[in-house]
Trainee: 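I have a structure I would like to understand better, so I am pasting it below and will then ask my questions one at a time.
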Amino acid sequence: MERPVNILGFAGSLRKDSYNRSLLRAALELVPKNARLEIFDLEGIPLFNQDLENQPSEKVKKFKAKIRAADAILIATPEYNYSVPGVLKNAIDCASRPYGDNAFEHKPVAIMGASIGMMGTARAQYHLRQCFVFLSCFALNHPEVMVPFAQEKIDKDGKVTDQKTRQLIRELLENLVAWTKRLKQE
Ligand SMILES: Cc1cc2nc3c(=O)[nH]c(=O)nc-3n(C[C@H](O)[C@H](O)[C@H](O)COP(=O)(O)O)c2cc1C
């Protein structure tokens, strides 16, 4: 694969000062030369209603089209109540339906997450990995980018200042690009 690897990134938080949105902004700075990263905002994705799954909203149509056009996916997830936030799970549910039209099928996916707690979204990330089994995604295993005590690593302007965290994000992106190329080999 000679052209740049196109990565679509999104965060499972709608909060303006979200630490997870900050991780994505850092990823924009750290993306390898042989890749491009585009950020998609989940704001405006309606709550999934299976009665309406054959008439998706314009926002859901756009989301699915962006996922399909991407070579790989990067997700920044918060942890809510020891699991995946509803905003993110709902967006994934919307993009996976109707049955047989799962936009995530066979996509390489990398996960990262920041929380103010000591587990750094570990529990949410493992729940997310479980969803990717059903969705037939190829989740990248390493490095695990779990950022605990995010308030100490991201400044008030939303910049990831912690060098170890920046290095982990860089490695995650490098591994995602290599993983994507490997999966694309005929
Ligand atoms: C509904 C809710 C549940 C939360 N549950 C957890 C949790 O289970 N584990 C954790 O580490 N932090 C939890 N938090 C705190 C989040 O880590 C914190 O709000 C974080 O800033 C969310 O990510 P964001 O900055 O990207 O919005 C919770 C926050 C909310 C609002």
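Every number for a ligand or one of its atoms is a count from 1 in the order of the listing. The model shown is predicted, which means the values in this text are computed figures rather than measured ones. Heavy-atom basis, side chains included; hydrogens, waters and symmetry copies ignored.
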Trainee: Take a 6.0 Å sphere around NE2 of His106 and say whether it holds more than 12 heavy atoms from other residues, nucleotides or ligands.
Mentor: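 Yes, NE2 of His106 has more than 12 neighbouring heavy atoms, counting only those of other groups under 6.0 Å.
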
Trainee: Is a side-chain N or O of Asn54 found less than 3.5 angstrom from the main chain of Pro98, in a donor-acceptor match?
Mentor: no

Trainee: Can you work out which protein residues put a heavy atom within less than 4.0 Å of ligand 1?
Mentor: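 Its neighbours under 4.0 Å (heavy atoms only) are Ser13, Arg15, Ser18, Tyr19, Asn20, Pro78, Glu79, Tyr80, Asn81, Tyr82, Ser115, Ile116, Gly117, given by chain and number.
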
Trainee: Around Tyr82, counting heavy atoms of other residues, nucleotides and ligands shown, do more than 12 lie under 6.0 Å from its OH?
Mentor: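 Not more than 12 within 6.0 Å, no.
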
Trainee: Checking Arg68 now: which residues fulfil side chain to side chain contact (heavy atoms under 4.5 Å, CB included) with it, not counting sequence neighbours?
Mentor: Lys64, Asp101, Ala103

Trainee: Honestly, is Lys59 close enough over Phe40, meaning NZ or CZ under 6.0 Å from the six-membered ring centre and within 45° of the axis?
Mentor: yes

Trainee: Please report the C-alpha distance between Val177 and Leu173 in whole Å, then the side-chain angles of each, then the deciding distance to 0.1 Å, and finally whether the side-chain contact (heavy atoms from CB on, under 4.5 Å) criterion is met.
Mentor: CA-CA 6 Å; Val177 169; Leu173 288 163; 5.6 Å; no

